[in-house]
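Scroll down for the structure; my scribbles are underneath it.
Order of listing sets the numbers, starting from 1, for every ligand and every atom in it.
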Amino acid sequence: MRYISTRDNFRPVSPAEAILLGMVPEGGLFVPESIPRLDGAGLGGASYHETARRVLASFLTDFTAVELEACIHRAYNAETFDTPGVVALHSLDGGRHLLELWHGPTAAFKDVALQLMPHLTAVAKAKTGDRSHTLILVATSGDTGKAALEGFKNVPGISIVVFYPHGGVSEVQMRQMATTDGENTQVIAARGNFDDCQTGVKALFGDPELRGLMAGRGIVFSSANSINWGRLCPQVVYYIQAYYGLVREGFLRDGGEVDLCVPTGNFGNILAGWYAKAMGLPVRRLICASNRNKILTDFFQTGVYDTNREFHKTSSPSMDILISSNLERFLFEMTSHDAVRVSGWFDGLKRSGRFEVDAGTLRTMSALIVPGWAGEPRVFRAIGETFRRTGYILDTHTAVAVAVSEDLGAVGDGVPVIIASTASAFKFSSDVLAAITGQRIDDEFRSIERLGRLTGWPVHRAVLGLREKPVRHDKVIDISGMRESVLEFAAKIKDRE
Ligand SMILES: *Cc1c(COP(=O)(O)O)cnc(C)c1O
């Protein structure tokens, strides 16, 4: 299988190359040229490993079965995930099922892909005969950063620099990143929001002079954001696994339809759900749940994507995003691979911060996507009510999706809803505690303890002992200083080797 650019500005590449390049250097994202059909036979009783092996083999066609098997076993085991199935299902009520994706080392769904991706990257390098040093550049709204650091730290031949918005992530997210050890890591706070960081990273990728300087030192950039196909592909697996899990538990007959409801920021996780549907999984519709930064809700309702609006900091910081990168892949699919139209829209976005799709594209999208959003009071109410009713604690991101699924009346029409639960509540303890008790403890670490005692839930290992860990990264820069920071870090790579 070949991977092509959403802007038709690059030669088709192999899966290994798509993973190593991260994104198309000239702008644009790699997508599979065609979408493989899901062979559901036997998936009803399949382990997570088995489902992963099948799905990954169908997309990463230049990886051998032995290579994939090894990557999957290194990524998903008792040391990395605290549940044997890697992900887990929890039925909220008869019709709604939480798909817990936060059993990995950093307590966010990003672990599922980022525990695997370093292994895929290493194999891809060997496969393509790539002897350069890979420098992973990451922009994070909080969770990707730590998950990527954990995945890539101390991996030979690879280094990683993470940029996060200064003051724009939670205390726990910040400390998780800043306390990372590993010889090959750097974490930098940039004065701006996530979109500034992401745009900055994309600009570094697209900077031919910088790429030349790096090449001179034997360094090649890559990405661990969901702009990299290697991030997206492993996420397709868990929707398929969840579907057959519901069949197994008797909530669904094999072949019956489900809805997926995903708390969305960069549009990566929900896009993975769309790929599962496109492969043939019986998904009726995708509920795209946004927080107060509801640019996607507006877009799917009107066809106008307009970033010229106020940016809100919310209790779900990993969704505080106005430029949802993976929308580009989705639009490419919705227009049957019309790179000219897609390029036009994204040029417009770059020029004026907005674009508008044609009525036909809007209609195609509307048949698939149901958009909705929830503001802060609604999110807090969802957390409080869910806890009182069931004793289950939702994190602030998952709560957005739970609220939206309720408000859209997705419950009760007979089609089960799989809600992606994207983080452990312990990662956002003071907000979750405030939602449950009505009282806020501003100390995040006391909130964690209190939440554990109050609910009887074991504290997620990702946040245990975090207060005592030494801070190793405290660099703060302006957005304009990102390029310089990368040059400085790159110089140290040379010294290290
Ligand atoms: C990253 C993240 C999201 C958003 O996922 P996208 O793939 O960016 O849409 C939602 N919730 C949590 C907890 C996250 O870390």
Side-chain angles (χ1 to χ4, degrees), residues 29 98-114 138-150 162 164-165 168-170 172-173 176-177 194-195 197-198 223-229 231-236 238-239 260-275 286-291 293-297 299-300 314-330 369 371 373-374 379 383 393-404 419-429 431-432 460 462-463:
L29 301 177
L98 292 169
L99 171 56
E100 294 177 348
L101 302 171
W102 39 260
H103 290 278
T106 79
F109 83 87
K110 271 106 178 169
D111 286 327
V112 181
L114 282 165
V138 178
T140 183
S141 54
D143 289 330
T144 293
K146 181 59 178 176
L149 289 161
E150 279 308 300
V162 172
Y164 71 92
V169 302
S170 80
V172 166
Q173 289 175 321
Q176 275 189 311
M177 291 189 279
F194 169 72
D195 292 314
C197 294
Q198 180 166 246
S223 160
N225 283 94
S226 54
I227 53 178
N228 191 321
W229 180 256
R231 254 294 290 285
L232 224 45
C233 185
Q235 296 178 204
V236 178
Y238 48 67
Y239 291 111
L260 304 180
C261 178
V262 185
T264 297
N266 224 353
F267 209 74
N269 205 11
I270 191 169
L271 184 69
W274 179 82
Y275 276 106
L286 298 148
I287 302 172
C288 177
S290 299
N291 68 18
N293 294 297
K294 60 178 186 62
I295 189 163
L296 287 168
T297 314
F299 174 61
F300 289 119
T314 72
S315 60
S316 42
S318 301
M319 298 160 67
D320 291 343
I321 292 176
L322 293 181
I323 302 175
S324 299
S325 296
N326 278 294
L327 194 59
E328 178 163 347
R329 286 190 168 108
F330 188 61
I369 302 269
W373 70 286
V379 171
I383 296 172
I393 40 175
L394 298 170
D395 96 284
T396 44
H397 303 73
T398 308
V400 170
V402 167
V404 167
I419 300 175
S421 176
T422 49
S424 156
F426 286 102
K427 230 177 158 168
F428 304 93
S429 294
D431 284 321
V432 172
H460 196 291
V463 298

Identify all pairs of nitrogen or oxygen atoms, one from ligand 1 and one from the protein, separated by less than 3.5 Å, and list them with distances.
residue  : atom   : partner : partner atom : Å
ligand 1 : 7 (O)  : G268    : N            : 3.3
ligand 1 : 7 (O)  : N269    : N            : 2.9
ligand 1 : 8 (O)  : N266    : N            : 2.7
ligand 1 : 9 (O)  : G265    : N            : 2.8
ligand 1 : 9 (O)  : N266    : N            : 3.1
ligand 1 : 9 (O)  : F267    : N            : 3.1
ligand 1 : 11 (N) : T422    : OG1          : 2.8
ligand 1 : 15 (O) : K110    : NZ           : 2.6
ligand 1 : 15 (O) : D143    : OD2          : 2.5

Seminar exercise, completed: Hits for side-chain hydrogen bond (donor to acceptor under 3.5 Å, both in side chains) against E328, two or more places apart or cross-chain, chain-then-number order -> T6, R7

For this session: Flag the pair Y275 / W229 as yes when their ring centroid distance falls below 6.0 Å, and as no otherwise.
Result: yes

For this session: Verify the distance criterion only: is there a donor paired with an acceptor across the side chains of N326 and N266 at less than 3.5 Å?
Result: no

Exercise. Do Q173 and S318 have a side chain donor and acceptor closer than 3.5 Å?
Worked result: yes

Problem set entry | Donor-acceptor side-chain pairing of T398 and S421 below 3.5 angstrom | yes

Exercise. Is a side-chain donor-acceptor pair under 3.5 Å present for Q176 with T106?
Worked result: no

